[in-house]
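In what follows, chains are A, B, ... by sequence order, proteins preceding strands, each numbered from 1.
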Amino acid sequence: MSLKVYNTLTGKLEEFVPLDPPKVLIYTCGVTVYDDSHVGHGRSLIVFDTFRRFLEHLGYHVRFVRNFTDVDDKIINRAKEECTDFMTIANRYIASYYRDMEAIRVKPADVEPRVTEHIEEIIDVIQRLIEGGYAYVSDGDVYFSVKSFKDYGKLSKRSPEEMEAGARVEPSEKKRDPLDFALWKSSKEGEPSWDSPWGPGRPGWHTECVAMAFKHLGRTIDIHGGGLDLVFPHHENEIAQAEAITGRPFARYWLHNGLVTVGGQKMSKSLGNYVTLREIYTRYHPDILRLLVLFTHYRSPLDFSWEKMEESQRAYERLKGAIEDYEVLKSLKVVKDRAGGTHPLYERVRSMEADFLEALSDDFNTPEAMSHLFSLVSELGKIKNRAYSEGKIAGSELSAYEFASKSLHNLMKKMFGLLEDLDPECSVERVVERELEAGDVVDTKLIDLLVEVRNIARKDKNFKIADFIRDRLGELGIELEDTPAGTRWKKS
RNA sequence: GGCGACGUGGCCGAGCGGUUAGGCGAGGGACUGCAAAUCCCUUUUACGGCGGUUCGAAUCCGCCCGUCGCCUCCA
């Protein structure tokens, strides 16, 4: 099976061929740690986490690097506001980031480098650029000379001439050309600074990713990713620096995820229309956000709303229910069936798996992959419905159901990172944690007792009491469901 | 102004030259003590507008209208 990906650099769908298979080298630009991450960051993280999972499934050995920008203007400003140093701010939000990633189940990268730990490498890159005639020193600053790199603009598809015509670029006394960008900034009083051949200062934003990619992955990487809003100027500038030094392609494939919008407008700090990841996962199971993200193709814009979270929640419950209901079916009366041959469900599962993987191979078409999952869920629902109404299930059908539900669960878990806590080890802790945060811990034993009482009432046809218990539990956020195998309850 | 996307049924959202996407919602039915869950049926000129190419277009081309992104820090 060949994987096709959309390469921003060429603007085309291309077959994915790593430089040195089975190795796949991926670099994505991580967050600037000056505040909590929001849904926009979350989407990018989830998208690339999914790519990585799929590549690993295809048998590639993925080496994944995602950096932290832990020194920049915003961090410094924030530190000033709080009368503390920038490192305190950076460390605080790195911790917050890790907490978020664990909650939304994005696997850590293999290397998560910090800018402040790579100053030497950054200086080295800048020095090479100066030596090569691509950069110049100007009063303690160092700038990259955009006109010196002939391919400038190839990623974002714009030429320096056009950009000058558009000219919203701030002219600076120190720059020779308004399009030039800073590689090294001399530091002002009280700002973090490091010694360099050009005097004390700190790195500009665009060099760090080049230096860290060189160090941890090499001179040409397979995939460079990030949000669509990084294409220009950040990624364009990365290409200019890296390729000016090496004379060869920096990344073979440039992959960009679409942005998250709110009411059609980009979600961003500056507009103030953002929702933090923490807000999401304290209100919803983290899988709901994942599902929401995967329900849209990664390159399309994704308009966030709480209504959509509710929709995903429903869809999620259906998915989850199909898998969990195996436990109910198992406790029904299982009858022997003389029927020979294999159950047609096995074939359905096989073709679903094939369709699912094929969809992912087509530029990670997760919405289509998802649709195949749901068509199997419908199949399972039919079986379940029949078994419930007959109060029994054939042994062969039960095994087929188990096979199908395991296949569903495996794909979701492995490829999409969903339903991981259906495994008993993970569940309790997470649920309790969320309940503590929501501030409404319930005593499960007490609920079981009430359910028992209600079932006694039902047996006696005292539906008034039975319904009263159900209603009151419902008000407390406990939903009851009477199945042929007894009453089950869950938190709503 | 320049560059780049996008406009699909009640909503969301795949498809991108001929065959059922899928999800959510709504209405009806089956099941249930009633619910819930699940299933079945319905929501059958869906593809921004106007032209063009083609035996055939949501899918290709042109123009127009509308929305958004980037051009400044941003996942």
Side-chain angles (χ1 to χ4, degrees), chain A residues 8 11 28-32 34 37-48 66 69 72-74 153 156-159 161-170 179 205 225-234 236 256-261 264-271 291-292 295-297 299-303 305 307-308 310-319 321-322 325 328 355 359 362 365-375 377-378 380-390 458 461-463 466-467 470-471 474 479-484 487-490:
Chain A
T8 308
T28 65
C29 297
V31 291
T32 300
Y34 74 103
S37 303
H38 59 64
V39 176
H41 304 111
R43 180 186 195 189
S44 192
L45 266 354
I46 289 169
V47 160
F48 284 96
R66 182 170 45 217
T69 298
D72 100 327
D73 290 345
K74 287 180 180 171
S156 53
K157 283 144 189 89
R158 57 188 96 197
S159 66
E161 291 73 37
E162 284 165 3
M163 285 184 267
E164 280 188 344
R168 244 208 279 163
V169 189
E170 289 287 313
L179 297 180
W205 178 37
L228 202 57
D229 54 353
L230 293 184
V231 172
F232 190 90
H234 186 53
E236 193 70 63
H256 293 97
N257 63 276
L259 303 178
V260 174
T261 57
Q265 294 247 298
K266 178 180 171 181
M267 179 181 284
S268 70
K269 282 277 153 57
S270 41
L271 285 171
L291 202 62
L292 177 65
F295 252 123
T296 302
H297 187 94
R299 285 195 279 124
S300 304
L302 168 56
D303 200 54
S305 69
E307 290 71 36
K308 275 191 190 162
E310 286 295 320
E311 279 182 24
S312 306
Q313 165 106 293
R314 304 254 163 69
Y316 176 72
E317 266 154 23
R318 233 183 111 204
L319 229 34
D325 287 339
V328 179
D355 291 344
D362 181 18
N365 195 333
T366 54
E368 198 190 317
M370 202 68 87
S371 78
H372 297 303
L373 251 34
F374 273 95
S375 62
V377 168
S378 288
L380 293 182
K382 283 175 198 171
I383 291 173
K384 179 188 151 191
N385 195 42
R386 197 172 59 239
Y388 273 28
S389 57
E390 289 175 3
R458 284 173 70 213
K461 301 212 185 299
N462 190 341
F463 299 119
D467 290 349
R470 183 171 62 197
D471 291 348
E479 282 175 20
L480 300 191
E481 183 185 336
D482 298 321
T483 76
T487 302
R488 294 197 297 168
W489 65 266
K490 62 175 182 183

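The nucleotide whose nearest atom lies closest to any side-chain atom of A:Asn385 is, among B:A75, B:C24, B:C39, B:C39. Taking only side-chain atoms of A:Lys74, from C-beta outward, the nucleotide of B:G25, B:A75, B:C73 with the closest atom is B:C73. Considering only side-chain atoms of A:Lys308, the nucleotide from B:C34, B:A30, B:G13 that sits closest is B:G13. Distance from the side chain of A:Arg470 is smallest to B:A35 among B:G25, B:A36, B:A35.
Under a cutoff of 6.0 Å and an axis angle of 45°, A:Lys308 and A:Phe295 do not form a cation-pi pair. A cation-pi contact links A:Arg158 to A:Phe232, judged by a cut-off of 6.0 Å to the six-membered ring centre and 45° from its axis.
Along RNA chain B, the nucleotide closest to A:Ser371 and the one closest to A:Phe48 are compared, and the more 5′ of them pairs with A:Ser371. If A:Gly258 and A:Gly264 are placed on RNA chain B by their nearest nucleotide, the residue sitting closer to the 5' end is A:Gly264.
One atom, CG of A:Leu45, and another, P of B:A75, lie 10 Å apart when rounded to the nearest Å. Here B:G23 presents its P atom at 6 Å from CZ of A:Phe374, a figure rounded to the nearest Å.
No contact: A:Ser270 has no heavy atom under 4.0 Å from any strand.
Nucleotides B:G18 and B:G56 have their C1' atoms positioned 7 Å apart, rounded to a whole Å. Atom P of B:C64 sits at a distance of 33 Å from the matching atom of B:C73, rounded to the whole Å.
Where RNA chain B pairs in unbroken runs of 3 or more (Watson-Crick or G-U, both distances under 3.5 Å), the stems are B:1-7 with B:65-71, B:10-12 with B:22-24, B:25-30 with B:38-43, B:48-52 with B:60-64.
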Under a 4.0 Å heavy-atom criterion, the protein footprint on nucleotides 14-19 of chain B, written with B, S and -, is SS----
